[in-house]
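Below is one structure, written out as structure tokens; comments come after it.
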Amino acid sequence: MTETEKIHIYYGDGKGKTTAAIGQVVRAAGRGLNVLVFQFLKDNSSGERVILEQIPNVTCLAGREQVKFYNQLNAEEKAELKHYNTKALDEIVKFCSPFDVLFLDEILCAVQLNLLSEDKLLRFLEQKPHGLEIIMTGHEASERLLQIADYVTQMRKVKHPYDEGYTARAGIEF
């Protein structure tokens with residue numbers, strides 16, 4: 001393995017997974033590395049995406065325009081979203097080789113919710129382009145994914161305003 005082809009996982013029930021990964025993206029871009037970003041299960045309006053699109057060396061692939069929460073999807077919508085996510089990963093696989101870093105936000109959630117095949121993701125990770133650093137986020141990571149990763153950080157919620165009924169706030173949670 002070279003210096004720039006490790007796999008990172010940020011996972012858990014705590015806040016800060018995407019935030020930490022975005023920090024890694026900014027650091028990489030600041031050192032002249034070319035970064036490709038795709039967000040699973042999110043639309044194109046998150047606060048982090050707005051600023052990432054302005055950073056040189058960072059390319060954000062467009063996702064879906066509207067995304068419902070998983071518990072709002074019916075069986076047909078879940079099947080369609082799984083097909084969409086599978087096609088998105090196929091396109092990323094074809095498109096990522098010229099990049100130094102690939103950030104796959106919420107991909108672990110897509111796998112956990114059966115909206116993307118874990119076997120497909122693992123095949124990609126095992127056969128990824130030489131020199132590609134990969135960063136992934138989500139709530140849960142299987143033992144298989146944890147084993148293939150080089151960096152694993154688990155975020156654990158101790159206290160969160162959601163517990164008291166507060167909703168997500170722009171600029172803080174999204």
Side-chain angles (χ1 to χ4, degrees), residues 7-22 25 36-50 52-53 59-96 99 102-129 132 134-149 152-157 159-174:
I7 297 172
H8 307 240
I9 290 178
Y10 295 98
Y11 80 108
D13 66 354
K15 181 184 174 337
K17 297 174 291 289
T18 296
T19 306
I22 295 296
V25 165
L36 180 62
V37 175
F38 185 77
Q39 295 182 295
F40 289 84
L41 309 180
K42 291 182 178 179
D43 62 24
N44 300 309
S45 67
S46 66
E48 65 268 13
R49 184 181 180 93
V50 171
L52 284 176
E53 290 175 340
T59 301
C60 295
L61 295 176
R64 297 170 68 99
E65 286 303 315
Q66 293 184 343
V67 177
K68 291 182 183 178
F69 288 109
Y70 179 80
N71 61 359
Q72 298 171 328
L73 299 172
N74 62 37
E76 183 179 309
E77 291 169 321
K78 288 175 186 174
E80 191 278 324
L81 185 53
K82 184 172 186 172
H83 177 74
Y84 174 87
N85 288 336
T86 300
K87 283 181 58 179
L89 185 56
D90 287 341
E91 289 302 309
I92 290 164
V93 168
K94 287 187 234 175
F95 191 70
C96 70
F99 290 87
L102 171 62
F103 172 35
L104 300 171
D105 192 25
E106 300 292 354
I107 194 166
L108 301 176
C109 288
V111 168
Q112 171 196 351
L113 296 170
N114 195 32
L115 297 173
L116 182 68
S117 162
E118 180 177 61
D119 288 337
K120 183 176 192 67
L121 175 58
L122 283 163
R123 276 192 306 277
F124 167 60
L125 295 173
E126 290 165 353
Q127 301 168 6
K128 66 185 183 62
L132 182 65
I134 298 178
I135 304 164
M136 300 181 292
T137 63
H139 290 109
E140 292 183 21
S142 72
E143 193 57 40
R144 292 166 65 198
L145 286 165
L146 293 174
Q147 287 299 316
I148 201 170
V152 176
T153 302
Q154 183 177 23
M155 309 291 202
R156 185 176 63 87
K157 179 186 77 155
K159 184 177 181 181
H160 196 292
Y162 284 151
D163 300 336
E164 297 175 21
Y166 290 94
T167 58
R169 298 171 297 148
I172 304 301
E173 281 88 21
F174 67 94

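All of these numbers come straight from a predicted model, not from anything done at the bench. Each residue takes its place number in the sequence, starting with 1.
With values rounded to the nearest 0.5 angstrom, K78 atom NZ is found 3.5 Å from Y70 atom OH. Between atom CG of residue L145 and atom CD1 of residue I7 there is a gap of 9.0 Å, rounded to the nearest 0.5 Å. Separation of atoms CD (E80) and CG (L115) is listed at 10.5 Å; rounding is to 0.5 Å. Taken to the nearest 0.5 Å, the OG atom of S117 stands 13.5 Å off from the CZ atom of F124. A distance of 9.5 Å separates CZ in R123 from CG in L89, rounded to the nearest 0.5 Å. Between the CD1 atom in I92 and the CD1 atom in I107 there is a gap of 6.5 Å [rounded to 0.5 Å].
Nearest heavy atoms, D43 versus S46: OD1-N, 4.1 Å. Of all heavy-atom pairs spanning L41 and A110, the tightest one is CD1-N, 3.7 Å. Of all the heavy atoms in L108 and G138, the pair that sits closest is CB-CA, 3.6 Å.
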**OP:** Could you walk me through whether K17 and T153 pass the side-chain contact (heavy atoms from CB on, under 4.5 Å) test, one step at a time?
**Re:** CA-CA 9 Å; K17 297 174 291 289; T153 302; over 6 Å; no
**OP:** For Q127 and V93, run side-chain contact (heavy atoms from CB on, under 4.5 Å): C-alpha distance rounded to whole Å, both residues' side-chain angles, the deciding distance at 0.1 Å, then the answer.
**Re:** CA-CA 10 Å; Q127 301 168 6; V93 168; over 6 Å; no
**OP:** Tell me, with the steps shown, if L125 and M136 meet side-chain contact (heavy atoms from CB on, under 4.5 Å).
**Re:** CA-CA 11 Å; L125 295 173; M136 300 181 292; 3.8 Å; yes
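Among residues two or more places apart in sequence or in another chain, the side chain to side chain donor-acceptor pair (under 3.5 Å) test is passed with Q72 by none. Not counting sequence neighbours, the partners of F40 by the ring-ring contact (aromatic ring centres under 6.0 Å, His included) test are F38. Taking the ring-ring contact (aromatic ring centres under 6.0 Å, His included) definition, one finds that Y84 meets it with nothing, sequence neighbours left out. Evaluation of the side chain to side chain donor-acceptor pair (under 3.5 Å) rule for Q154 yields no partner, not counting sequence neighbours. Legend: residues meeting side chain to side chain contact (heavy atoms under 4.5 Å, CB included) with A20, ordered by chain and number and at least two apart, are Y10, M155. Contacts of D13 classified as salt bridge (charged side-chain N to carboxylate O under 4.0 Å, His left out), with partners at least two apart in sequence or in another chain: none. Partners of E65 under the side chain to side chain donor-acceptor pair (under 3.5 Å) rule, at least two apart in sequence or in another chain, are N44. By the salt bridge (charged side-chain N to carboxylate O under 4.0 Å, His left out) test, R144 pairs with E118, D119, sequence neighbours left out. In this structure, E76 has no side chain to side chain donor-acceptor pair (under 3.5 Å) partners at least two apart in sequence or on a different chain. Looking at residues two or more places apart in sequence or on another chain, you find no salt bridge (charged side-chain N to carboxylate O under 4.0 Å, His left out) involving K82. Residues satisfying the ring-ring contact (aromatic ring centres under 6.0 Å, His included) test with H160, not counting sequence neighbours, are Y162.
In this structure, the side chains of V25 and E48 stay at 4.5 Å or more apart for every pair of heavy atoms.
At least one donor-acceptor pair under 3.5 Å links the side chain of K128 to the backbone N or O of L132. Using a distance-only test at 3.5 Å, with no hydrogens or angles considered, no donor-acceptor pair links the side chain of N85 to the main chain of L116.
Only one option out of I22, T19, D105 pairs with T137 in a side chain to side chain contact (heavy atoms under 4.5 Å, CB included); it is D105. Among T86, L73, V67, the single residue meeting the side chain to side chain contact (heavy atoms under 4.5 Å, CB included) criterion with L81 is L73.
Under the 4.0 Å criterion applied to side-chain N and carboxylate O atoms, E91 and K94 are assigned as salt-bridge partners. Residues R49 and E53 are paired through a salt bridge, judged by an N-O separation under 4.0 Å between the basic side chain and the carboxylate.
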Which side-chain N or O atoms in residues 166-174 pair as donor and acceptor under 3.5 Å with protein atoms at least two apart or in another chain?
| from | atom 1 | to | atom 2 | distance (Å) |
| --- | --- | --- | --- | --- |
| E173 | OE1 | R169 | N | 2.7 |

